[in-house]
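Following this message is one structure expressed as structure tokens.
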Amino acid sequence: MAQPPCVPLAVAQNARAHADAVRAARARVVVFPELSLTGYELRGPTVPVDDPRLTPLVDACAEAGTLALAGAPVAGDHIGVLAVTGDGATVAYRKKFLGGVEAQRFRPGETPGVLDVDGWRIGLAVCKDTGVAAHARRTAAHGIDVYAAGVLESAHDAAVPDERAHRIATAHRVWVAVASFAGSAGGGYTEAAGRSAVWTPRAEVAARAGTTPGEWAAATIY
């Protein structure tokens, strides 16, 4: 669960920061926060899956054998999750439950996002999705092992992702992995919460990052 530094709308610079995080983590899967490639700038242009600015991240994933789950606006005007590997990028999920101002620009996704990684099934979520019980229930119905979310919360709402993750892990007996922006994230978020974490199916915290950009939380699921 990575929380890289972010420069609003600077996709090329942010992709390089994502690549640095992938190389440092050396993990099979690295999850990034909501809209991590652009920052929380709701008027920013979409990021195509073949955008050459993603090349540093694709290269890092190839070197490390990593699947990176990065956040960006995607075609169709959705808040999306890009699945990035050494072979390139695809849109893996489109956020279903939008925040108030988000609905002025974006459309909600319609289907759950579930990826199979080495036999493990990872269900995808973005921020507000995690607060809607039906989202976790419908995603868990696909037989997931991990519920992975990229989120953005302000520092004074730092407890919100914890409360939601605890509830999801308890209800569905799955691992919950939350990547949370730290520091400035654009869109008026000058102090995001950070504290990315991983919870076990028993709702115990297995790993926790601090509040500083550049930190990450890593855990091995079993």
Side-chain angles (χ1 to χ4, degrees), residues 1-2 18 28-38 40-42 44-51 54 57-58 61 66-85 87-153 160-161 164-165 167-181 196 198-199 201 221:
M1 308 305 109
H18 282 50
R28 182 66 181 93
V29 179
V30 178
V31 184
F32 291 93
E34 179 180 24
L35 294 175
S36 58
L37 286 165
T38 58
Y40 195 73
E41 298 292 342
L42 301 184
T46 59
V47 177
V49 294
D50 60 353
D51 194 318
L54 298 179
L57 178 54
V58 172
C61 289
T66 295
L67 166 66
L69 300 173
V74 298
D77 267 356
H78 298 283
I79 294 176
V81 176
L82 294 178
V84 184
T85 69
D87 294 323
T90 58
V91 178
Y93 176 67
R94 297 164 178 85
K95 184 178 183 179
K96 184 171 178 59
F97 294 96
L98 302 174
V101 294
E102 294 170 356
Q104 298 173 17
R105 153 79 191 277
F106 296 105
R107 297 169 53 211
E110 296 180 354
T111 58
V114 179
L115 300 175
D116 190 295
V117 183
D118 303 336
W120 296 92
R121 291 178 62 77
I122 302 177
L124 305 178
V126 178
C127 210
K128 188 176 178 179
D129 291 336
T130 64
V132 179
H135 184 276
R137 184 174 65 251
R138 291 167 186 165
T139 304
H142 289 260
I144 64 172
D145 302 291
V146 183
Y147 184 89
V151 309
L152 168 61
E153 294 288 351
V160 172
R164 293 176 176 178
R167 182 169 63 248
I168 293 165
T170 300
H172 302 289
R173 295 299 179 183
V174 295
W175 292 80
V176 180
V178 177
S180 174
F181 252 124
S196 299
V198 180
W199 287 259
I221 63 173

inquiry  = With a 3.5 Å distance limit and no angle check, can you tell me whether T90 reaches the backbone of A92 through a side-chain donor-acceptor pair?
reply    = no
Nearest non-hydrogen partners of A179 and A2, listed with the distance =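 Where A179 meets A2 most closely, the heavy atoms are CB-O, 3.7 Å.
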query = Going from CG on L57 to CG on D51, what distance comes out if it is rounded to the nearest 0.5 angstrom?
reply =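 That separation rounds to 11.5 Å.
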inquiry  = If the test is side chain to side chain contact (heavy atoms under 4.5 Å, CB included), which one of V117, I221, T66 qualifies with R28?
reply    =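 Considering V117, I221, T66, a side chain to side chain contact (heavy atoms under 4.5 Å, CB included) with R28 is found only for V117.
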Which atom pairs, donor and acceptor, lie under 3.5 Å between side-chain atoms of residues 169-178 and protein residues at least two apart or in another chain?
| unit_1 | atom_1 | unit_2 | atom_2 | d |
| --- | --- | --- | --- | --- |
| T170 | OG1 | H166 | O | 2.8 |
| R173 | NH1 | P201 | O | 3.2 |

pair V74-V47: side-chain heavy atoms closer than 4.5 Å =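 Sidechains of V47 and V74: no contact.
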note = For R105 and P73 the tightest heavy-atom approach is NH2-CB, 4.2 Å
ask   = Thinking salt bridges, do E110 and R94 make one under a 4.0 Å N-O criterion?
value =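 Salt bridge: no.
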inquiry  = With rounding to the nearest 0.5 angstrom, report the CG to OG1 distance, D77 to T46.
reply    = 7.0 Å
For residues 119-133, dump all side-chain donor-acceptor pairs below 3.5 Å to protein atoms at least two apart in sequence or in another chain.
| unit_1 | atom_1 | unit_2 | atom_2 | d |
| --- | --- | --- | --- | --- |
| R121 | NE | H142 | O | 2.9 |
| R121 | NH2 | H142 | O | 3.0 |
| K128 | NZ | L98 | O | 3.3 |
| D129 | OD1 | K96 | N | 3.4 |
| D129 | OD1 | F97 | N | 2.8 |
| D129 | OD2 | Y93 | OH | 2.7 |
| D129 | OD2 | V126 | N | 3.0 |
| T130 | OG1 | C127 | O | 2.7 |
| T130 | OG1 | R164 | NH1 | 3.3 |

request  = Determine the sole option in L54, L37, V84 for which the side chain to side chain contact (heavy atoms under 4.5 Å, CB included) test with H18 is passed.
outcome  = L37
query = Taking the side chain as C-beta and beyond, is there a heavy-atom pair between F106 and L42 under 4.5 Å?
reply =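 Sidechains of L42 and F106: in contact.
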key: L82 side chain near V91 side chain, heavy-atom distance below 4.5 Å   =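 In contact.
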note = Shortest non-hydrogen pair, M1 vs S196, comes out as CB-CB, 3.7 Å
inquiry  = How long is the straight-line distance from OH of Y147 back to NE2 of H135, given to the nearest 0.5 Å?
reply    = 4.5 Å
query = Hey, does P108 have a side-chain heavy atom less than 4.5 Å from the side chain of H78?
reply = no
task = Show your working on side chain to side chain contact (heavy atoms under 4.5 Å, CB included) between L152 and L35 and close with a plain yes or no.
result = CA-CA 9 Å; L152 168 61; L35 294 175; over 6 Å; no
request  = Before giving the answer on side chain to side chain contact (heavy atoms under 4.5 Å, CB included), spell out for V31 and V29 the whole-Å C-alpha distance, their side-chain angles and the decisive distance to 0.1 Å.
outcome  = CA-CA 7 Å; V31 184; V29 179; 4.2 Å; yes
task = Begin from the C-alpha positions of E34 and Y40 and carry the test side chain to side chain contact (heavy atoms under 4.5 Å, CB included) through to its verdict.
result = CA-CA 8 Å; E34 179 180 24; Y40 195 73; 4.2 Å; yes
ask   = Is the closest side-chain heavy-atom distance between P33 and S180 below 4.5 Å?
value = no
inquiry  = Main chain of A70, side chain of S36: is a donor-acceptor contact present, judged purely on distance under 3.5 Å?
reply    =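 Answer holds: no.
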